[in-house]
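These notes are about the structure you will find just below.
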Amino acid sequence: MTDPRAVPTGPDRAALVAHARETIARGSKSFAAASRLFDRTTRERVWLLYAWCRACDDIADEQDLGGELGKTPGAAADERLAQIRRLTDLAVAGIATGNPSFDALGVVAKECGLTRAMAEDVIDGFALDAADWSPRSEADLLRYCFHVAGAVGVMMAVVMGVAPDDDDTLDRACDLGLAFQLGNIARDVAEDDRGGRCYLPAEWLAEADIPPGEQLRPCYRAALVGVAKRLAALAADYEASARVGAARLGFRQRWAILSAAGIYGAIARKVAAGGPRVWDARVFTSRNEKLGWVLRAGLQTLGRPAPCQHPRWSRTSLKARARRQGA
C-alpha cells in the first residue's frame, strides 16, 4: 500500500526544494543551521514551508529576504495582502501559481495535510501590519506573535508528524514560535522604527515612562533596556514550555528544535544584556556560537526537560482573542 505521506519525485519538486534551500540559506542562517539536523524528508519539507513564510513576509513588508521594511501605505498594502491570499488559495488547492515559494507550500501542504485555516492564521498577522496595527497590551503583543510565528510553529509541527488533534503538543510548538518572535522584536526595535512600526506594547512603554515613538532617543535608552529584558524574560517562559513539547518528537527532530531554541534564545539574551547601545548594530549569533548551541542541544536530547505549565497566554486563548477582536 502506498504511504499517503510518501515524498513524490520529479524535477518540479526537486527544483522547488532547491529554491527553498537557497531561500532559507539567505533568509535565516540560524534556522538553516538547525534544519540540517532533520532527516532528509523532514528537512526538505521544513525548507518548503519556510520558503512560503519568507515570501509572504517579503510581499507584505516590501522586503527582499527580510531586509529593510518598505513604507508603501494604505491601498497598496491591502493589495499585497490580497496577493498573498490569492496565491495561497491556489497553492493549497494544488494549482500552480508561477511563484516557486507558493508552489512550495502546495507541495508540503499535500504531503503533510496542512490546511488553508492553518495558513490563514499566519496571514492574519500580515493583515495586522497592513492595518498599521500596534499592540497596546501584553496580550495584544502575544496575539501578534501568535499570528506571525506561533501559527508557523504549529504548521512546522504538523510537517514533523505531530497529529493535527494533538492539541497540547501543538500548543507547545506554538510557544516556541512565540519565544522566537519575542526575541526578534527585542532585537529589531531600531529596524522596526525605521519602517514606522513599533511592536512594544504601549502599556509597557508608559510604565517605563517612554513617550510614544521616542523609545530610541538617547535619554530613554536605559528604560528601553528594561523593556527588552521584559521581552527576553517572556521569551524564556515560552521557550521552557516549548521544550516540553520538543521531548515528544523523534531524536533528530528534537535535536533540531532544541538547537533552534538555543540559537534564537541567545539572541534575546544578548539584547537584554547589551545595554543602551545594543540597537546600534544588529545582534546575531556567530557561526561558532551556533555550533555550540547545536552541540549543547545534542546533549539536551538525552535528558528530560523540566516540567513546565503553559504560560498564561496559549494558542487557544490567543486564537479566541483574535476572533473577538476580528482578526
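We count residues from 1, following the sequence as given.
Between His310 atom NE2 and Asp171 atom CG the span is 5.0 Å, to the nearest 0.5 Å. Atom-to-atom distance recorded for Leu182:CG and Leu234:CG is 5.0 Å, nearest 0.5 angstrom. Interatomic distance, Cys56 SG to Leu105 CG, rounded to the nearest 0.5 Å: 7.5 Å. Going from atom OG of Ser30 over to atom CD1 of Ile24 covers 10.0 Å, rounded to the nearest 0.5 Å. Rounded to the nearest 0.5 Å, atoms SG (Cys219) and CG (Leu224) are 11.0 Å apart. Summarising the geometry, atom CG belonging to Leu231 is positioned 6.5 Å from atom CG belonging to Leu141; distances are rounded to the nearest 0.5 Å.
Gln253 places a side-chain N or O within 3.5 Å of a backbone atom of Met160 that can act as its donor or acceptor partner. Checked by atom type and distance alone, the side chain of Trp279 pairs as donor or acceptor with a backbone atom of Ala186 at under 3.5 Å. Here the side chain of Arg187 pairs no donor or acceptor atom with the backbone of Val283 at under 3.5 angstrom.
Taking a cutoff of 4.0 Å between a charged side-chain nitrogen and a carboxylate oxygen, Arg80 and Asp61 do not qualify as a salt bridge. Under a 4.0 Å N-O distance rule, the pair Asp175/Arg172 does not qualify as a salt bridge.
Contact between Ala235 and Gly183 at its shortest, heavy atoms only, is CB-N, 4.5 Å. Minimum heavy-atom separation, Ala173 to Gly153: CB-O, 3.5 Å. Taking both residues in full, the closest heavy atoms of Phe102 and Ala91 are given as O-CB, 3.1 Å, listed atom of the first, atom of the second, then distance. Residue Leu16 comes nearest to Pro100 through the heavy atom pair CD2-O, 3.4 Å, listed as atom of the first residue, atom of the second, then distance. In terms of heavy atoms, Gly245 sits closest to Thr169 at O-CG2, 4.3 Å. Of all non-hydrogen atoms in Met156 and Tyr50, the two that sit nearest each other are CE-N, 4.2 Å.
Within the 4.5 Å cutoff, side-chain heavy atoms of Arg321 are placed close to those of Asp140. When side chains are defined from C-beta on, Leu49 counts as touching Leu114, because their heavy atoms get closer than 4.5 Å. Counting heavy atoms from C-beta on, the side chains of Gln181 and Asn184 come closer than 4.5 Å. Between Met118 and Val122, the closest side-chain pair of non-hydrogen atoms is not below 4.5 Å. Between Phe180 and Ile267, the closest side-chain pair of non-hydrogen atoms is not below 4.5 Å. Within the 4.5 Å cutoff, side-chain heavy atoms of Arg143 are placed close to those of Leu128. Residues Leu37 and Ile257 are not in side-chain contact: their nearest non-hydrogen atoms beyond the backbone lie 4.5 Å or more apart. Annotation: side chain of Glu111 is not in contact with side chain of Thr41 (no heavy-atom distance under 4.5 Å).
Both Val154 and Ile123 are assigned to one and the same hydrophobic cluster, defined by single-linkage of ILVMFWY side chains at heavy-atom distances under 4.5 Å. Under the 4.5 Å side-chain contact rule for hydrophobic residues, Ile185 and Ile263 do not share a cluster. Residues Trp47 and Val158 share a single hydrophobic cluster, defined by chaining ILVMFWY side chains whose heavy atoms lie under 4.5 Å apart. Using a 4.5 Å cut-off between side-chain heavy atoms of Ile, Leu, Val, Met, Phe, Trp and Tyr, with links allowed through other members, Phe38 and Trp293 fall into different hydrophobic clusters. Both Val92 and Val107 are members of a single hydrophobic cluster when ILVMFWY side chains are connected at heavy-atom separations under 4.5 Å.
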Worksheet item: Taking it one step at a time, do Met155 and Trp52 satisfy side-chain contact (heavy atoms from CB on, under 4.5 Å)?
Response: CA-CA 12 Å; Met155 295 177 80; Trp52 171 74; 4.1 Å; yes
Item to complete: Take Asp103 and His19 through the test side-chain contact (heavy atoms from CB on, under 4.5 Å) and record every step on the way to the result.
Response: CA-CA 11 Å; Asp103 290 340; His19 164 78; over 6 Å; no
Item to complete: Apply side-chain contact (heavy atoms from CB on, under 4.5 Å) to the pair Leu249 and Trp255, showing each step before the final yes or no.
Response: CA-CA 9 Å; Leu249 300 173; Trp255 190 3; over 6 Å; no
Practice prompt. For the pair Phe126 and Asp57, evaluate side-chain contact (heavy atoms from CB on, under 4.5 Å) and give the outcome as yes or no after the intermediate values.
Written response: CA-CA 7 Å; Phe126 304 126; Asp57 204 9; 3.7 Å; yes
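With sequence neighbours left out, the salt bridge (Lys or Arg N to Asp or Glu O under 4.0 Å) criterion links Arg40 to Glu44. For Trp313, there are no ring pair (Phe, Tyr, Trp, His ring centres under 6.0 Å) partners, not counting sequence neighbours. Evaluation of the side-chain hydrogen bond (donor to acceptor under 3.5 Å, both in side chains) rule for Thr285 yields Lys290 as partners, not counting sequence neighbours. Evaluation of the ring pair (Phe, Tyr, Trp, His ring centres under 6.0 Å) rule for Phe284 yields no partner, not counting sequence neighbours. For Pro276, the side-chain contact (heavy atoms from CB on, under 4.5 Å) partners at least two apart in sequence or on another chain are Arg221, Val225. In this structure, the salt bridge (Lys or Arg N to Asp or Glu O under 4.0 Å) partners of Asp188, at least two apart in sequence or on a different chain, are Arg282. Asp89 is linked by a salt bridge (Lys or Arg N to Asp or Glu O under 4.0 Å) to Arg116, counting only residues two or more places apart in sequence or in another chain. Take Tyr238 and apply the ring pair (Phe, Tyr, Trp, His ring centres under 6.0 Å) test, not counting sequence neighbours, and it matches no residue. Under the ring pair (Phe, Tyr, Trp, His ring centres under 6.0 Å) criterion, Trp133 pairs with Tyr144, sequence neighbours left out.
Identified under the salt bridge (charged side-chain N to carboxylate O under 4.0 Å, His left out) test for residues 148-167, with sequence neighbours left out: Asp167-Arg315. Pairs of residues two or more places apart, or lying in two chains, that qualify as salt bridge (charged side-chain N to carboxylate O under 4.0 Å, His left out) and include a residue from residues 242-252 are Asp168-Arg248, Glu239-Arg243.
Tested against Glu289 for a salt bridge (charged side-chain N to carboxylate O under 4.0 Å, His left out), the candidates Arg296, Lys270, Lys29 yield a single pass: Lys270.
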Enumerate donor-acceptor pairs with a distance under 3.5 Å from any side-chain N or O in residues 202-214 to protein atoms, sequence neighbours excluded.
unit_1, atom_1, unit_2, atom_2, d
Glu207, OE1, Arg230, NH1, 2.8
Glu214, OE1, Arg217, NH1, 3.1

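Judged by distance alone, the side chains of Arg43 and Ser35 never bring a donor and an acceptor atom under 3.5 Å apart.
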